[in-house]
Every structure is written in C-alpha cells, then in structure tokens.
There are 2 protein chains.
Amino acid sequence: MSVFDSNFKIGVLGGGQLGRMMIQSAIDFNFNVHVLDPDANAPCKEIATSFTHGKLTDFDTVYSFGKDKDVITIEIENVNTEALKQLAKEGKKVFPQPEAIELIQNKTLQKRFYKENGIPTADFIETQSKADVAKHTDFLPFVNKLATGGYDGRGVQVIRTEEALEKAFDAPGFVEKLIPFEKEIAVIAARNEKGEITCFPTVEMVFHPELNLVEYLFSPAIVSQSIENKAQEIAKTLISKLNMVGLLAIEMFLTKEGEILVNEIAPRTHNSGHQTIEGNETSQFEQHLRAILNLPLGSTKIVQPAAMVNLLGEAGFEGPAKYEGMENVLSQEGIHVHLYGKRITKPHRKMGHATVTASSIEDLNEKVNFVKAELKIKA
Amino acid sequence: MSVFDSNFKIGVLGGGQLGRMMIQSAIDFNFNVHVLDPDANAPCKEIATSFTHGKLTDFDTVYSFGKDKDVITIEIENVNTEALKQLAKEGKKVFPQPEAIELIQNKTLQKRFYKENGIPTADFIETQSKADVAKHTDFLPFVNKLATGGYDGRGVQVIRTEEALEKAFDAPGFVEKLIPFEKEIAVIAARNEKGEITCFPTVEMVFHPELNLVEYLFSPAIVSQSIENKAQEIAKTLISKLNMVGLLAIEMFLTKEGEILVNEIAPRTHNSGHQTIEGNETSQFEQHLRAILNLPLGSTKIVQPAAMVNLLGEAGFEGPAKYEGMENVLSQEGIHVHLYGKRITKPHRKMGHATVTASSIEDLNEKVNFVKAELKIKA
C-alpha cells in the first residue's frame, strides 16, 4: 500500500508538541496520524486522526495501539520497546527501531556505543553506586549521570568538589569529565530505509550567563567550515552506525581547542530543530515523516537565518494560560509564534516557541530579547 | 474575552482547502476553528475543532452554527448572508461583513461599485436577458457575465461575433468589453477592525497558450515599480471603500498600455495567495486570522520568489486518488506539496497545489514544468 493511500496509518507514541508540529506537516500530505498519549488533553488530541489515551510504557497498551498501524514512530524515548519489538517481529515498520531507542534510553550504553565506534565524547568511568562515584576524586570535576530514568535535565548533576560527592546518584550510571566548552552546537540527521542520509546545518545554542540554561539557539551556527564539516560527519557516522531510520538529534560540545565531543542524542524530532519550519527548505517534522515513510529526504538548505526561543510558563503562575504582550510580539516583523495547545500553564512549562528570522545575528539577538521581554505567559 | 482564551471560538462557513490551510495556521495560535460544510467528507473535517455537516445557504443552519461562536468568517462567498446579518445584529463579529459578501456575490453590483468609486474596470453595459444582450452588437467582442449564480468559471462566457449571441445568458447580468490584456495580476489586501491595511506584493498569472487557463502563478510579478504601486493602491482603495475586515483578493488585467483594470474580487483567502505559505513572511491564511481577530497584521515581505501550480485530477479518472510520480517530485529541491485531503479524484478537481521556490524566474518555470510533467493524480 502506498503511503499516500487514504487507508495508510501512521501511529505515534506521544502526543506532545513534537507530535503536534509533525501533524501540522502531515496535513500537507494527507497522512493519517494516530496518537497515543497518557495525557487526556495532550497537544495532539484535537488534530490527530484519532487519539488514544493510554500509557506509553505499558506493553499491552503500546502493542494494541500499534497492531492496526502501518508505521509506528515516537516523539518521546520513554516508551515500551518490548511491545515495539513484538510489532516489528510481526512485520510492522517501527522507526526509529526499538533497538536504537533502547540504546539511547540508557546513557551508559550510549557512552559505550560512542567509544566502540570511535565517536568523540567526553571521557567517562562507569559507576554502580554512590560509593563507586566517590572513588573517583582524581577525576573531578565531573558530571554524574544516571544510566536510566533521567529526563529533561533530571538524572544529571555536576560535581566539582570532594564535598559535593555526597549528592552523587546511588544507582548505575557514570561520571564524565566536565568539559569547559566554548559552544554547544547541534545537528539533526535523517535517514530513510533506502539508507539516504541528510543533515540539517549546525545550530548554535546561546546560554544564559547566570542560569546556565539554553536561552535560545540560532541557525546557522557561527563556526568555521571545517568545524561544520566535522559536525556533519559525526552526525552521519552516528545515524549510520546506529543503523537507524528516522531523525537523530545530536547535541555536541565544541571545545576551545576546536574539538567536537558528542554530549547527548535523541532519536526523534528535537527542540534544537524547531527553527527549520521557517528557516529551512524542509522542516524537521516533514523530514521525519519522509524518513520513516521511505520517501526521498528533503533539502535541508537554509532559506533564512533563524533563531528559536522557547516560550515558557512564567514562574509563580499556574492555571489557564494568558498570553501577555502577544499583540506587541505579533506587531513585529519576522517573529513567528507557535503555541502548543496547552490549556494550563505552569512555571517553566514549554507552552510554545517563537522563531525569529532576520538577515543578521545582531538582528536575531535583538528580536529574541524583544520576545523574551514582551511575552509573558501567566495564569 | 481574549482571542487566545481557550474558550474563544472561530466559526468558518465552508470546509474546503482554504479552510484547511487556515486551520493549519490556526494551530500555531491555539485557535479553535469550528467548521460548517455541506460535504460530510470536506477537507477540514478531520482537523477542525468541530465539524458541522450542513447547508451554507440555509438560514437556520448558518444561524444556529454561528450562535455560539465569537467570530464568524467564510472561505466561500455562496453563503446565507441574512443569517450572518442576524448574527451581526446580535453582536457577533462577522468578518467579512455580510454586506461586503452580498455586494461581491452579485457581479453587477460589483461593477457598479467600481464605477461609483472610481476603480478602473472594463467598460460594461447591464443586461436583463438574452434579447437584451443581443442589442449590443456594436459593443462586440465582449464577455457576458451573469449577475449571480456563477462560480468557478461558470456564468461567464466570451462572445466574439453576432452569431455567438445566441448563447448569451437569458438572465440578469452584463456585457463587458473584452480586454486584450498583456498580463493578469493579483493582489491580496488585508484589513483589521482597527483599519490597519497591508497588501501582499503583486503576483502574476501564466496562461496556457492554447487552453487559455491559468497554468501557474508566480511571485513577485514582473512589473515596473509604478505598476506595482498602482496595483497596491487599487487594492487598498477597494478594501477601504468596501469598509471590509478580512482578506480581499483582487484579480486585475494589465493592458498593453500599462492600464490596470479590476476583473474580479473575492472577500477571502484565494488561490492566488497559496504561495505566501513558503514565499512570504506571513501566509495569507495567518493574515486572514490576524485580520478577523483584530490582531496586528503580519509583514507581507517576500522571503523567496515562489510559483504555485494547482494539482488537478487527471482527465479520465474518477475514484480514490493515487498520486503517480510523487516520489520524483519530492526528490527535487524547492518543491512543496500541499494536498487537500480529498479522497476522491475527478477530472480537473483541485486535489492540492505545489509551491515551487527558486532564485530566478527561469528556475521557477522549469520546476513548475517538472511538477506538471511528473505528478499525475489518477484513480
């Protein structure tokens, strides 16, 4: 059956903003996108071809959701891979493959994979417990990471001194050399079943000087051609060695010495690719669909420089969202608002993003600051 | 209530491709779009917040659909304006206003409006019957148009000779001087309640040399700055004089003498603005939403030159659509496919469009021809 047949069904595990933006793209191709999510009011609910309310980590729920779909994909890694393996065994297309998801779910396996495949990454030592971590005082300062269960910044902590060792995780994971990086950059690679690979041009993250949080990112990154080539090469090698079909987002450190070290990877559309909607020929969401449906991959060429800033719920507010300053933001040229259909705001909840387009990095910067100053999401 | 409140409801009369693309844009703003359409399988059905199956020309159906909405708009002119007037009287926002829709529904009223307001248009003589048309042999060659009931090319015919007079319409309308135009161009104007007006840069239609049908259009039009200014000025004057809120698409003839004559207008998003999705800062669909919700209008600046070609059902085929050549089309850079969610193809049915982006008119032309040659919609 052709993927353009009106009976062809795509199943997505997860119904958040990544799924929502993928559906916006799928509409252009008449694709039917069916969604499973544990949140009865997930962002995809209103626009999915069908919406199933259920747990992504439950074997039976995932298996029965996938049974009548033609291709099954994910927008979050924390899913039941045993059910996906069973579906794949029964002949369903499951992209990314469950084995790739499992590898990426476990940060220790990820690190081993980099080492075995010659992928540059920060030095690390595997640890089993808090006591184990404490043995490595000569490795300080380091980052202590949990192998599994970490998500959205959880399961990761920086330990700089011997005194701080007492907060080490008391579960399997590793300690990783703290990298005094120059920049954090990211590349999103795509690969289809035919083995065709494309990468989006490298983007660069801008950190808040005090909070040490990504404030925004911009595209293209300001790096030399040789760094750009190296980053693209690493991304291609990673997706090939993983033998993965779909999208792979790769976050990397660029050190002061011009070395690139892979930090983390995600086998799906990613926050670091939102600016592709306005900034590139093909968006990451369309590219994901093309990859998992074995269609030719789209051009990743930059149409215009772009920056992406997350729109977060204002601290101190929880309840039905109100968007203060939206009119001011909409009155400025080159600001593209994307809200995620979340009725309730909470402190720091990702409620949407804005992509800013401009012809220079200074203008991008100025517009990002304008958005941050003007738009407040309160309750 | 803010338009960003989750209880705010937009109602759209018509659920075809224009509504569908508007909903794709509305998703970015969390807008709830409720749709009324007489076709139970209308393109908007799957993605609208709610879908009501019913007649657009029936008073009770339109009135009861509009009763619980906050703003009511249209994506087709052929609607019951009495119901809309009643809704407006009861305090609902109805944009475009019912009076503007009524004027535009009637081509004779349109022509009178141009004349009364000094808008340049081809000379015409009002007629009441076939016998009436036959009196104007000295006005030949002309176009005979029905005042009402014409749609999608129906209700319009060219009469070149006395012999051809026998096919004249036997109903009220007019005869209009046949204009040997150089080019057909179009401008889409937008106006919000505050009275703010913007126009998209002029686009140019390319006609099939034999069939005399629009083959494709491109943006920006190849016209002098003074023609561009004149076209924009006419568009602004029209939407102001109509006192309209929403979008107004204006199709114009450019004569060999450099004169611009208004041909037809439509009070809504339009086929001649589809390329704005990829080609301009703000798409016509987002602009329509901004206009009817009294938000600041978006920048209409061109991001990249673009051409738009309709994807029509192949002659001789009717049934569930199959898209031949789609993979070839998707393998080329700068081709953006938009399908309209119509399961059944019919000869010449608009099944979608492709926007082509390139840096030169020659490249645009070449890619349009590639799409036309490669992509066939059959059953």
Side-chain angles (χ1 to χ4, degrees), chain A residues 2-7 20-21 23-25 27-33 43 46-50 196 277-278 281-282 286 290 293-301 303-304 320-324 326-344 351-352 357 377, chain B residues 2-7 20-21 23-33 43 46-50 196 277-278 281-282 286 290 293-301 303-304 320-324 326-344 351-352 357:
Chain A
S2 158
V3 300
F4 292 98
D5 190 288
S6 64
N7 295 313
R20 182 173 163 100
M21 288 185 272
I23 292 173
Q24 279 177 284
S25 174
I27 294 168
D28 280 337
F29 299 95
N30 294 349
F31 294 144
N32 300 305
V33 181
E46 299 281 350
I47 61 172
T49 309
S50 80
E196 197 187 340
I277 297 173
E278 287 86 8
E281 274 276 330
T282 308
E286 180 174 332
R290 286 176 180 242
L293 300 174
N294 205 20
L295 293 168
L297 297 178
S299 162
T300 59
K301 210 173 73 178
V303 173
Q304 51 187 345
K322 290 190 171 49
Y323 297 86
E324 274 186 29
M326 185 62 95
E327 297 220 3
N328 287 350
V329 163
L330 292 179
S331 70
Q332 293 295 307
E333 185 173 304
I335 300 178
H336 307 269
V337 169
H338 298 261
L339 301 182
Y340 297 159
K342 299 177 183 175
R343 211 174 68 79
I344 302 297
M351 300 297 286
T357 52
I377 306 176
Chain B
S2 157
V3 300
F4 292 98
D5 189 288
S6 63
N7 295 315
R20 182 174 164 99
M21 289 185 272
I23 292 173
Q24 280 178 283
S25 175
I27 294 169
D28 280 337
F29 300 95
N30 294 350
F31 293 144
N32 300 306
V33 181
E46 299 280 350
I47 61 172
T49 308
S50 79
E196 197 188 339
I277 297 174
E278 288 86 8
E281 274 276 330
T282 308
E286 180 174 333
R290 287 176 180 243
L293 299 174
N294 205 21
L295 293 169
L297 298 179
S299 161
T300 59
K301 208 174 74 176
V303 173
Q304 51 186 345
K322 290 190 170 50
Y323 297 85
E324 275 186 28
M326 185 62 95
E327 298 220 3
N328 287 350
V329 163
L330 292 179
S331 70
Q332 294 294 308
E333 186 173 303
I335 299 177
H336 307 269
V337 169
H338 298 261
L339 301 182
Y340 296 159
K342 299 177 184 175
R343 213 174 66 79
I344 302 297
M351 301 297 287
T357 53

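Each chain gets a letter, A, B and so on, in the order its sequence line appears, and its residues count up from 1. These numbers were taken from a predicted model, which means no experiment stands behind them.
- For a residue to count as touching a neighbouring chain, one of its non-hydrogen atoms must lie under 4.5 Å from one of that chain's; by this rule B:Glu327 touches chain A with backbone and side chain alike.
- The CG atom of B:Leu330 lies 12.5 Å from the OG atom of A:Ser299; values are rounded to the nearest 0.5 Å.
- Every residue two or more places apart in sequence or in another chain that forms a ring-ring contact (aromatic ring centres under 6.0 Å, His included) with B:Tyr340 is listed here: B:His353.
- Summarising the geometry, atom OG belonging to A:Ser331 is positioned 8.5 Å from atom CD belonging to B:Glu196; distances are rounded to the nearest 0.5 Å.
- Of the two parts of A:Asn7, neither the backbone nor the side chain holds a non-hydrogen atom closer than 4.5 Å to a non-hydrogen atom of chain B.
- In this structure, the side chain of B:Arg20 does not engage the main chain of A:Asp28 through any donor-acceptor pair within 3.5 Å.
- For the set B:His338, B:Gln304, B:Lys342, the entry with the most heavy-atom pairs within less than 4.5 Å of chain A is B:His338.
- When heavy atoms are compared at a cutoff of 4.5 Å, B:Val337 approaches chain A by way of both its backbone and its side chain.
- Of the atoms belonging to A:Phe29, heavy atoms from both backbone and side chain fall under 4.5 Å from chain B.
- Every residue two or more places apart in sequence or in another chain that forms a ring-ring contact (aromatic ring centres under 6.0 Å, His included) with B:Phe4 is listed here: B:Phe31.
- Rounding to the nearest 0.5 Å gives a distance of 11.5 Å between CE of A:Met21 and CD1 of B:Ile27.
- The most heavy-atom pairs under 4.5 Å with chain A, out of B:His336, B:Arg290, B:Arg343, come from B:Arg290.
- Considering OG1 of A:Thr357 and NZ of B:Lys301, their distance stands at 7.0 Å, rounded to 0.5 Å.
- Considering only heavy atoms from C-beta on, B:Ser2 stays 4.5 Å or farther from A:Lys322 through its side chain.
- Interatomic distance, CD of B:Glu281 versus CD1 of A:Ile335, reported as 10.0 Å (0.5 Å rounding).
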